[in-house]
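To keep things clear, I will list the structure first and then write my remarks on it.
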Amino acid sequence: MSSRVLVTAALTYANGSPHIGHLLEAIQTDVYVRARKLAGEDVVFMWAADTHGTPIQLKARDLGIAPEELIKQIHADHLEVYRGFDLGFDIYHTTHSDETKFHAEQVFRAIEQAGGVETREVQQLYCPHDQMFLPDRFVKGTCPKCHSPDQYGDNCEKCGATYDPTDMKEPACSLCGTKPVLKGSEHLVVPLGKHETFLRSWLAKEGSTQLQESVRNYVMTWVDGGLRDWDISRDEPYFGFEIPGHPGKYFYVWFDAPVGYIGATQKWCNDNNKNVDDYWRSTPADTEIVHVIGKDIVYFHCLFWPAMLNAAGYTVPSRVQVHGWLTINGEKMSKSRGIFISGRAYLEHLPPAYLRYYLAAKLGSGQDDLDFNFEDFVNRVNADLVKKAANLASRCIKFIGGRLGGTLGEPADDAAQLLATAATRVQEAKDLYAAFESGRALRKAMEIAEDFNLYLTNAAPWKLTKSDPERARAICSAGVMASKLIAAILKPVLPRWAEQLETMLGLPAPLTFANAAEPLPAGLELGKYTALAEPIDIKKLEAIMEASVPKPPPEPEPERSFDYEVEPLAAETSIDNFVPIDLRVGLVTACDKVKKSKKLLQLTVDLGPLGTRNIFSGISQSYAPEELVGKKVVVYANLKPRKMRFGLSEGMVLAAGADDTAITVLELHDRARPGDRIT
RNA sequence: GCCGGGGUAGCUCAGCUGGUUAGAGCGGAGGAUUCAUAACCCUCAGGUCGGCGGUUCAAGUCCGCCCCUCGGCACCA
């Protein structure tokens with residue numbers, strides 16, 4: 001066992017408030033940390049907000065405030081929400097800090113001195129109006145392949161072509177519309193190929209790094225496919241740290257973001273009289289470094305990050321634990337479609353314990369996606385927490401309090417075996433937690449509750465209050481003891497539950513995995529029972545989701561503001577340009593999903609006297625096929641038929657919407673006749 | 001197309017290195033009980049363990065092929 005353990009959750013990007021997806025990871029990390037602490041290990045949870053990069057810079061500009069001000073506000077918000085969920089991090093720092101800057105520079109200098117940094121001349125689009133180089137997604141223009149207008153600088157959503165923003169026709173800055181110019185710039189790159197030997201050993205199956213098998217395989221495909229150079233610099237203006245010795249160049253946000261882990265540790269060490277080198281200049285055998293991340297950032301944490309650390313002489317991670325995505329009622333989260341839960345909205349309606357329990361109960365060590373299902377949530381919380389665990393404590397403590405003078409006795413002999421099994425389960429749970437198997441660990445607690453609820457029913461102490469009160473006391477005392485063991489297992493997930501029970505039982509010391517099985521003294525005066533968990537109603541969850549979705553502004557302000565952007569208005573034109581476009585009323589008579597296609601639906605559209613058409617439309621992410629059947633839609637009917645992979649598309653169905661998942665097909669009133677021209 | 005994960009009772013899932021009549025939780029049906037937060041306890045699911053072949057004395061459990069589904073990649077990191 002290492003003498004020290006340092007755990008991190010991924011840094012939350014400081015451009016918004018944490019949502020339930022962030023909380024999944026935070027809770028997973030917190031449960032892991034608390035469990036290992038409860039096991040008596042020296043564990044710290046180092047965390048921070050990720051504050052640099054173009055999106056934050058631009059958001060601050062839109063709000064008319066300095067980026068420093070923006071991230072300060074957001075940091076405060078993160079801290080409040082995360083504390084609200086009882087997350088036991090030792091620090092929630094920020095990457096925009098002296099400590100992170102210091103270590104980012106250290107890492108960079110070390111790599112540079114070892115000859116690990118090279119320069120490359122990069123030609124990039126530059127907006128003379130905004131006076132900045134434009135990342136690919138900030139360029140809009142016409143696709144060089146299919147000539148669709150208004151596509152992003154990296155690929156075309158219409159034809160799927162990929163290209164360089166410099167290849168686009170009529171490129172424009174997406175911020176101001178100005179035509180960007182091509183400008184050369186020198187970038188600093190780290191040729192990752194130089195670190196291949198190290199990375200292979202770090203990733204090796206036989207090595208000491210703990211990685212999920214699927215993660216290891218995934219990363220190895222990158223290594224085997226040839227490691228590319230990593231561009232670590234960005235030109236000013238860029239919200240971040242200037243690179244030492246390279247004026248006007250800034251660290252790319254992904255260079256300094258993970259260094260935020262070290263920065264947070266440095267700050268915490270400064271404040272707590274510890275030595276940062278014990279953590280980050282140690283050997284993995286001496287200090288475990290465990291990163292909990294989502295599957296989107298595996299690339300950074302399993303390639304760049306260990307390579308950087310190793311090259312700069314820092315401790316490399318000993319474990320990277322990857323989790324999947326959170327879906328809500330089986331659907332991907334999406335603010336625009338109202339499928340979204342913010343941490344803040346949750347806290348306004350429900351106690352954090354339920355979410356912590358639900359997510360921890362569903363989490364295992366795999367990286368499967370996890371569904372937040374409302375019905376399941378209510379069932380699980382009510383059945384496990386309320387009906388099983390809380391009820392066991394309630395029936396025993398209340399029984400002793402109400403009928404037996406509130407004094408605990410020795411646990412009954414016939415419960416000894418069950419209590420021994422329960423004590424074993426606590427130890428098993430400890431190990432399960434350390435393996436990120438919180439779901440299984442919690443099951444152990446429920447097994448204890450099931451055992452003892454049954455035991456109590458069979459032993460029926462309520463029949464003995466008159467005839468044999470001491471026997472009744474012994475039975476219930478065993479139940480109280482079981483509740484204590486359950487609370488120990490629940491403690492990493494439900495710290496407040498454990499504290500409440502500690503108070504009711506008047507425990508001399510906080511519960512740990514080690515002391516959980518220590519007997520309670522006979523003669524102990526029990527405190528009054530206070531409810532450990534209350535049943536919840538599914539309506540609460542619906543209310544939370546509603547409250548999470550940004551509401552439209554109550555009254556239109558003099559200057560209307562929108563939370564979305566639309567394409568700029570096309571150039572003015574005459575009616576002559578409209579005439580050649582023949583739009584017709586079409587009745588959708590059949591509609592099916594296209595196999596092997598993510599976006600397409602295949603429609604059969606009746607144009608009345610003009611016959612029927614087969615039309616493919618990229619709206620499958622917004623419509624179920626059956627929704628469209630019987631609808632009257634607008635068809636661009638003289639559009640040249642287009643051969644697609646799945647067949648011939650004979651026209652186009654008109655629709656509105658920027659996002660593939662939020663498209664609205666134009667529908668006509670029922671009195672429109674199929675085939676009628678639209679003018 | 002390529003790479004991964006899945007496909008086991010109505011739902012969510014356990015089933016490790018193959019071995020008696022395939023399990024749990026939830027929901028549902030019935031019953032028992034009243035200490036407890038209408039809580040607890042008992043009984044009830046006759047499930048082709050996605051399909052087809054194969055290995056074996058023995059296969060959800062190993063091998064091959066196929067189907068379905070989810071995710072990732074293929075452009076960016």
Side-chain angles (χ1 to χ4, degrees), chain A residues 53 135-137 152-157 160-165 167 192 212-222 224-225 228-232 252-255 257 295-301 303-304 322 324-325 327 330 332 358 361-362 364 366-373 375-404 437 439-440 442-443 446-447 449-465 472-473 475-476 479 483 529-536 595-596 598 645:
Chain A
D136 292 358
R137 284 192 308 174
Y152 285 108
D154 46 1
N155 72 336
C156 173
E157 289 181 333
T162 61
Y163 40 76
D164 204 77
D167 297 334
L192 262 189
Q212 290 131 297
E213 208 46 38
S214 53
V215 171
R216 189 190 309 279
N217 293 341
Y218 171 66
V219 178
M220 282 310 293
T221 62
W222 292 96
D224 291 335
R228 280 181 269 175
D229 295 351
W230 185 31
D231 186 347
I232 60 163
Y252 172 46
V253 58
W254 265 110
F255 186 89
K295 60 187 183 184
D296 53 329
I297 53 177
V298 167
Y299 192 89
F300 296 99
H301 283 78
L303 286 178
F304 299 147
V322 182
W325 298 129
T327 53
K332 276 191 182 177
Y358 180 67
K362 290 196 107 176
Q367 53 165 335
D368 318 294
D369 289 348
L370 194 149
D371 188 37
F372 185 107
N373 180 282
E375 218 171 297
D376 189 36
F377 181 96
V378 171
N379 282 342
R380 205 125 188 181
V381 166
N382 287 349
D384 290 357
L385 246 31
V386 181
K387 296 181 191 178
K388 279 195 189 122
N391 184 47
L392 177 67
S394 164
R395 62 197 301 203
C396 296
I397 294 175
K398 280 186 178 171
F399 191 91
I400 294 178
R403 303 197 183 192
L404 300 169
E437 290 286 359
R440 292 182 182 195
L442 288 168
R443 193 89 267 295
M446 293 310 127
E447 286 170 6
E450 285 161 16
D451 277 359
F452 277 85
N453 273 319
L454 177 57
Y455 168 73
L456 240 70
T457 299
N458 293 336
W462 48 92
K463 289 180 180 165
L464 305 169
T465 32
R473 188 189 309 282
I475 293 164
C476 293
S483 297
Y529 177 81
T530 53
L532 291 164
E534 303 283 355
I536 50 174
K595 283 189 181 180
K596 307 226 168 191
K598 275 183 193 169
R645 197 171 134 206

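From a predicted model like this one, the values you see are computed outputs, not experimental measurements.
Taking the syn range as angles within 90° of 0, the glycosidic angle of B:G15 is outside it, so the base is anti.
Annotation: B:U21 and B:C49 have their P atoms spaced 15 Å apart (nearest Å). Here the separation of B:U20 from B:U33, taken at their P atoms, is 38 Å to the nearest Å. For B:A22 and B:C35, the C1' atoms lie 37 Å apart once the distance is rounded to whole Å. Taking atom C1' on both B:C26 and B:G64, the two are 38 Å apart, rounded to the nearest angstrom. Nucleotides B:C16 and B:A59 place their C1' atoms 15 Å apart, quoted to the nearest Å. As rounded to the nearest Å, B:G18 and B:C57 have P atoms that lie 15 Å from one another. Only the P atoms considered, B:A45 is 33 Å distant from B:C70, to the nearest whole Å. Rounded to a whole angstrom, the distance from the C1' atom of B:A14 to that of B:C76 is 39 Å.
Residue contacts shown for A:S394 include a base, since a base heavy atom lies under 4.0 Å away. Here A:R228 lies in heavy-atom contact (under 4.0 Å) with sugar-phosphate atoms only. Residue A:A533 is classed as a base contact, given a heavy-atom separation below 4.0 Å to a base. Among the atoms of the strands shown, only primed sugar atoms or phosphate atoms (P, OP1, OP2) are found under 4.0 Å from some heavy atom of A:F304. No contact: A:P461 has no heavy atom under 4.0 Å from any strand. Counting any heavy atom pair closer than 4.0 Å across all strands shown, A:L392 reaches no nucleic acid atom. As judged by a 4.0 angstrom heavy-atom cut-off over every strand, A:E447 is placed among residues making no nucleic acid contact.
Scanning RNA chain B for stems, defined as runs of 3 or more consecutive Watson-Crick or G-U wobble pairs whose donor-acceptor distances all fall under 3.5 Å, gives the following ranges: B:1-7 with B:67-73, B:10-13 with B:23-26, B:28-31 with B:41-44, B:50-54 with B:62-66.
Straight-line distance from the CH2 atom of A:W222 to the C1' atom of B:C75: 10 Å, rounded to whole Å. The CD atom of A:E534 sits 14 Å away from the P atom of B:A39 (whole-angstrom rounding). Between the CZ atom of A:R395 and the P atom of B:A36 there is a distance of 10 Å, rounded to whole Å. Per the geometry, CZ belonging to A:R440 stands 13 Å off C1' belonging to B:A24, to the nearest Å. Rounded to whole Å, the distance from CZ on A:R443 to C1' on B:C13 is 11 Å. Between the P atom of B:G25 and the NZ atom of A:K388 lies a distance of 7 Å, rounded to the nearest Å. The NZ atom of A:K387 sits 21 Å away from the P atom of B:U33 (whole-angstrom rounding). Regarding A:I475, its CD1 atom lies at a distance of 15 Å from the C1' atom of B:C40, rounded to whole Å.
A:R216 contributes atom CZ, which lies 13.5 Å from atom OG1 of A:T221 (distance to the nearest 0.5 angstrom). Considering CG of A:L370 and OH of A:Y358, their distance stands at 7.0 Å, rounded to 0.5 Å.
Under 4.0 Å is where a charged nitrogen must lie from a carboxylate oxygen, and between A:E450 and A:R443 at least one such pair does. Using a 4.0 Å cut-off between charged nitrogen and carboxylate oxygen, A:D371 and A:K362 do not count as a salt-bridge pair.
Closest approach to the A:D384 side chain among B:C35, B:G71, B:G25 is made by B:G25 (side chain taken as heavy atoms from C-beta onward). Considering only the side chain of A:R403, B:C35 comes nearest among B:C73, B:G71, B:C35.
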Exercise for review: Begin with the C-alpha distance, continue with both residues' side-chain angles, and end with the deciding distance and a verdict on side chain to side chain contact (heavy atoms under 4.5 Å, CB included) for A:R395 and A:N391.
Suggested key: CA-CA 6 Å; A:R395 62 197 301 203; A:N391 184 47; 4.1 Å; yes
**Study point:** A:Y299 and A:W222: CA distance, side-chain angles, deciding distance, ring pair (Phe, Tyr, Trp, His ring centres under 6.0 Å) verdict
**Key:** CA-CA 9 Å; A:Y299 192 89; A:W222 292 96; 4.7 Å; yes
Practice item. Take A:T327 and A:F372 through the test side chain to side chain contact (heavy atoms under 4.5 Å, CB included) and record every step on the way to the result. Key: CA-CA 6 Å; A:T327 53; A:F372 185 107; over 6 Å; no
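Comparing A:C396 and A:A383 against RNA chain B, the residue whose closest nucleotide sits nearer the 5' end is A:A383. Map A:A531 and A:N458 each onto its nearest nucleotide of RNA chain B; the residue landing nearer the 5' end is A:A531.
Side-chain atoms of A:N382 come within 3.5 Å of backbone atoms of A:I536 as a donor-acceptor pair (strictly under, hydrogens ignored).
Taking the six-membered ring where the residue is Trp, A:F304 and A:W230 present parallel rings, their angle staying beneath 30° rather than reaching 60°.
Ring stacking holds between A:W462 and B:C35, with the centres under 5.5 Å apart and the planes within 30 degrees of each other.
Residues A:F399 and A:L404 have side chains in contact (heavy-atom distance under 4.5 Å, counting atoms from C-beta outward). The shortest side-chain heavy-atom distance between A:W254 and A:I297 falls under the 4.5 Å cut-off. At a threshold of 4.5 Å between non-hydrogen side-chain atoms, the residues A:S394 and A:L532 do not count as touching.
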I'd like a table of atom pairs between the protein and nucleotides 5-12 of chain B - only N or O on both sides, under 3.5 Å - with the distance next to each one.
from	atom 1	to	atom 2	distance (Å)
B:G5	O2'	A:D368	OD1	3.4

